[in-house]
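Input: a single structure, listed below in structure tokens.
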Amino acid sequence: MKVIVVKSQQEGAEIAFDLLKNKLATGAQVLGLATGSSPIEFYKNIRQSDLDFSEVTSVNLDEYVGLDEESDQSYAYFMKEQLFSAKPFKKSYLPNGLASDLAAEVERYNHVLAEHPIDFQILGIGRNGHIGFNEPGAPFDGQTHLVDLAPSTIEANARFFDNSEDVPKQAISMGIANIMAAKTIVLMAYGQEKADAIKATVEGPVTEEVPASVLQNHEDVVLIIDEAAASKLTK
Ligand code: GLP
């Protein structure tokens, strides 16, 4: 696991952008994408670049259950705003959180992933160490699945909704095994509230209680973190 400590999200975004550019130049065809605040500057760099994705496919990590793509809190909406309207891909996949048959939707998404092995995966991390929406306890061999969100995640997300009842309680998320299958993984984390999760991810035991700790077992992972997120690391 390579850890790069940066001064700002802008600096982190530039590093992640360069990594992506190199991967595309060497033939990457499928990008795994993440939502959340951490990759926002990275997506801005892409929007302002001359990169072309018309021959590239994207697969997103996760989506809430119950929100449609017109809802400004859905991940489909986020991706359109942050990236897809400026940089259309050959094809972009997200789980459909409005599917009437969620089990069938989960299965469909696993087929999508099997057909599109991820070359370059972007990740954020939750305060409890979750990746995608793989909450503590999610099995390391898990595929795409329906998730009951942890109370701490629902609480962290509540700030984005007018009404606490509107915060989704479930999501569809790639599993840990899907994430680990990506050839290269770049995780970005900024701010003091991520410091415990980063310490456990980098220096703690590899345990399902800290989903991101599994990344210690992957051979091509780069963590891009600011000084606040790095503040509890001892090495
Ligand atoms: C959500 C998303 C994760 C994301 C995390 C952290 O739970 N499902 O993919 O990494 O939030 O978000 P942020 O980058 O806003 O801190």
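First listed ligand is number 1; within each ligand, the first listed atom is number 1.
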List every atom of ligand 1 that sits less than 4.0 Å from any heavy atom of [X], numbering the atoms from 1 in the order shown and giving each element.
| X | answer |
| --- | --- |
| D62 | 8 (N), 9 (O) |
| F133 | 1 (C), 7 (O), 8 (N) |
| S38 | 13 (P), 14 (O), 16 (O) |

Quiz item: Of the choices G124, P39, A171, G132, which has the non-hydrogen atom that lies closest to atom 9 (O) of ligand 1?
Solution: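 The option holding the nearest heavy atom is G132.
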Heavy atoms, side chains only, cut-off 4.5 Å: are [X] and [Y] in contact?
| X | Y | value |
| --- | --- | --- |
| K183 | I118 | no |
| F42 | I122 | yes |
| K90 | F53 | no |

Quiz item: Any idea which part of F78 is under 4.0 Å from ligand 1, heavy-atom wise: side chain, backbone, both or neither?
Solution: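 None of F78 does.
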Exercise. With heavy atoms only and a cut-off of under 4.0 Å, state how M188 meets ligand 1: side chain, backbone, both or neither.
Key: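 Neither; nothing of M188 gets under 4.0 Å from ligand 1.
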Closest approach of any protein heavy atom to [atom], naming residue and atom:
| atom | result |
| --- | --- |
| atom 7 (O) of ligand 1 | H130 NE2, 2.7 Å |
| atom 6 (C) of ligand 1 | I125 O, 3.4 Å |
| atom 4 (C) of ligand 1 | T35 O, 4.3 Å |
| atom 2 (C) of ligand 1 | Y75 OH, 3.6 Å |
| atom 12 (O) of ligand 1 | G36 CA, 4.0 Å |

So, [X] and [Y]: side-chain donor and acceptor under 3.5 Å apart, yes or no?
| X | Y | answer |
| --- | --- | --- |
| S213 | T201 | no |
| N178 | Q143 | yes |
| T153 | E135 | yes |

Exercise. Look up atom CG in D62 and atom NE2 in H145, then write down how far apart they are to the nearest 0.5 Å.
Key: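 Rounded to the nearest 0.5 Å, the CG-NE2 separation comes out at 10.0 Å.
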Quiz item: Just by modelled atom types, is the G97 backbone N or O under 3.5 Å from a matching donor or acceptor in the E63 side chain?
Solution: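 Pair absent, no side-chain N/O of E63 close to backbone of G97.
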Quiz item: So is K194 in contact with ligand 1, going by heavy-atom distances below 4.0 Å?
Solution: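 It does; at least one heavy atom falls under 4.0 Å.
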